[in-house]
Amino acid sequence: MPSPPGGFEVPLWRALAVFRLASLAYVCALAVRDADRYAHPYAVGALILLMVAWTGATAVGYARPAWRRWPLLLADLGVVMAIVLATPWVVGRTALAHGVPTLGVAWMAGPVLAWAVSGGRRRGTVAALLVAGADLATRERIGQSSFTGVILMLLAGVVVGHVARLAVRAEERLQRAVELEAATRERERLARDIHDSVLQVLALVQRRGADLPGEAGELARLAGEQEVALRALIAGAGPATESLPDGGGSLLDGGEAVDLRTLLGRYASAAVALSAPATPVPLPRRVAAELAAATGAALDNVGRHAGGRAWVLIEDEGATVTVSIRDEGPGIPDGRLDEAAAQGRLGVTQSIRGRVTDVGGTVRIVSAPEAGTEIELSVPR
């Protein structure tokens with residue numbers, strides 16, 4: 001089950017409520033101990049009641065995700081800073097000079113932690129500087145102990161903010177993992193349905209129409225090719241030319257090596273004979289994907305213009321890998337490719353030559369009238 005938004009932050013907000021309650025108890029204990037040393041003990045009692053009420057209000061407010069917004073964060077910071085700034089008057093500067101602690105003590109770190117949990121390191125640092133500045137303003141003499149408190153508050157803001165951001169990122173990754181698992185299960189369900197319906201129909205059309213003449217035979221051949229491609233897609237290989245929605249490149253982009261035979265194997269059919277080495281032909285994933293896509297484009301041209309059978313040969317030459325596509329069609333007349341490019345038909349120019357060139361490869365086309373066409377796609381390993 002997906003975790004609710006902000007689910008990983010919930011323990012941090014609960015820990016903050018516990019911290020504020022514990023620090024409030026510490027403030028009350030110090031107030032009881034030093035009651036006879038305060039300049040205005042009744043005013044101190046009133047401020048402590050305010051601190052109790054505000055601790056309860058923030059515990060309730062921060063427990064609700066919709067309330068963890070700027071109004072509550074700013075009010076929290078303002079209330080705490082007001083109580084800290086009131087310390088010299090209610091406690092008395094004489095008492096402070098004789099070592100009586102300020103009224104806020106550890107309790108004033110509450111808004112610093114709240115800002116850090118809600119916004120990360122930067123927001124926690126800002127709150128820590130503001131509260132620390134208010135605390136330093138109440139002191140007549142600033143010593144080493146005063147700076148130690150400031151440093152500790154800054155560290156709390158930075159560390160808690162960092163942990164909060166890590167929790168948010170972990171929750172986002174978990175959410176993506178859950179969504180991916182759900183998508184995978186749905187894909188498996190669809191694969192079962194497709195296997196029981198579409199694939200069986202395509203196979204039936206291919207078998208029944210393989211020996212028929214004319215357009216019926218062509219439809220049977222296309223049905224066989226689509227059956228092979230669809231089986232590869234269901235198996236998880238995906239089409240070689242599948243692209244990102246934003247045009248950012250192939251889904252097969254990456255630096256790991258893949259076996260070229262696996263990508264080209266989906267094109268094998270009754271009309272396409274594939275010859276490959278007995279051993280794997282590893283290529284970087286993006287190079288292999290572009291080479292497979294160019295091969296598919298070449299075979300599409302064979303089906304549209306040459307008809308009949310096609311032969312695909314994979315040659316692993318060590319430093320380079322070459323894929324040859326050959327047919328026995330009417331060939332390509334001289335100047336036909338240039339004419340097609342001028343007319344805006346860029347199948348060979350972009351789908352074949354462009355793909356291979358983008359990965360540092362070369363394309364060689366050998367064709368003659370009534371002698372068929374051979375396309376060699378070579379890429380460096």
Which heavy atom of [X] sits nearest a heavy atom of [Y], and at what distance?
X: G92; Y: A39; answer: CA-CB, 3.8 Å
X: M153; Y: A132; answer: SD-N, 4.2 Å
X: S324; Y: E315; answer: OG-OE1, 3.9 Å
X: P380; Y: V359; answer: CD-O, 4.1 Å
X: P280; Y: P282; answer: O-CD, 3.3 Å
X: V302; Y: A310; answer: CG1-CB, 3.9 Å

Fill in: Stepwise side-chain contact (heavy atoms from CB on, under 4.5 Å) check, V379 with T320
CA-CA 6 Å; V379 294; T320 60; over 6 Å; no

Can you get from [X] to [Y] by hopping between Ile, Leu, Val, Met, Phe, Trp and Tyr side chains that sit under 4.5 Å apart?
X: V90; Y: L49; answer: no
X: V366; Y: L299; answer: no
X: W70; Y: L77; answer: yes
X: L72; Y: L21; answer: no
X: Y38; Y: L85; answer: no

Show your working on salt bridge (Lys or Arg N to Asp or Glu O under 4.0 Å) between E9 and R165 and close with a plain yes or no. CA-CA 9 Å; E9 291 183 357; R165 291 306 93 193; 3.3 Å; yes

To the nearest 0.5 Å, what is the distance between [atom1] on [X] and [atom2] on [Y]?
X: L274; Y: R266; atom1: CG; atom2: CZ; result: 11.5 Å
X: L313; Y: E376; atom1: CG; atom2: CD; result: 9.0 Å
X: E317; Y: S378; atom1: CD; atom2: OG; result: 6.5 Å
X: L129; Y: L154; atom1: CG; atom2: CG; result: 5.0 Å
X: T322; Y: I314; atom1: OG1; atom2: CD1; result: 11.0 Å

Hey, does [Y] have a side-chain heavy atom less than 4.5 Å from the side chain of [X]?
X: L174; Y: R169; value: no
X: V258; Y: T262; value: no
X: L113; Y: F19; value: yes
X: V84; Y: L103; value: no
X: L16; Y: R14; value: no
X: R33; Y: C28; value: no
X: L260; Y: V321; value: yes
X: I365; Y: T373; value: yes

Residue pairs passing the side chain to side chain donor-acceptor pair (under 3.5 Å) test with at least one member in residues 104-115, sequence neighbours excluded, are T55-W107

Within the side chain of [X], is there an N or O that forms a donor-acceptor pair under 3.5 Å with the backbone of [Y]?
X: R68; Y: L73; answer: no
X: D327; Y: G372; answer: no
X: Y267; Y: A292; answer: yes
X: H40; Y: W89; answer: yes

- Message: side-chain contact (heavy atoms from CB on, under 4.5 Å), that's the test. Do I83 and M108 meet it? Break it down for me.
- Response: CA-CA 9 Å; I83 292 175; M108 63 183 179; over 6 Å; no

- Task: Would you check, one step at a time, whether the test side-chain contact (heavy atoms from CB on, under 4.5 Å) holds for I375 with L377?
- Result: CA-CA 7 Å; I375 302 177; L377 315 175; 3.6 Å; yes

**OP:** Mind running side-chain contact (heavy atoms from CB on, under 4.5 Å) on L291 and V323 for me, showing each step along the way?
**Re:** CA-CA 8 Å; L291 187 56; V323 176; 3.7 Å; yes

Is the shortest distance from a Lys or Arg side-chain nitrogen in R326 or E374 to a carboxylate oxygen in the other one below 4.0 Å?
no

Ionic contact status for R285 with E290, cut-off 4.0 Å: no

Original post:
Looking at W311, does the NZ or CZ of R309 lie under 6.0 angstrom from its six-membered ring centre and within 45 degrees of the ring axis?
Top reply: yes

(request) Go through the steps for D76 and R20 under the test salt bridge (Lys or Arg N to Asp or Glu O under 4.0 Å), then give the verdict. (result) CA-CA 12 Å; D76 191 10; R20 300 188 84 145; 2.8 Å; yes

The side chain to side chain donor-acceptor pair (under 3.5 Å) partners of R381 (sequence neighbours excluded) come to D316

By side chain to side chain donor-acceptor pair (under 3.5 Å), S23 pairs with (sequence neighbours left out) none

Is atom CZ of R93 surrounded by more than 12 heavy atoms (other residues, nucleotides or ligands) closer than 6.0 Å?
yes

> With distance as the sole criterion, is a donor-acceptor pair present between the side chains of T87 and T138 under 3.5 Å?
Replying inline: no

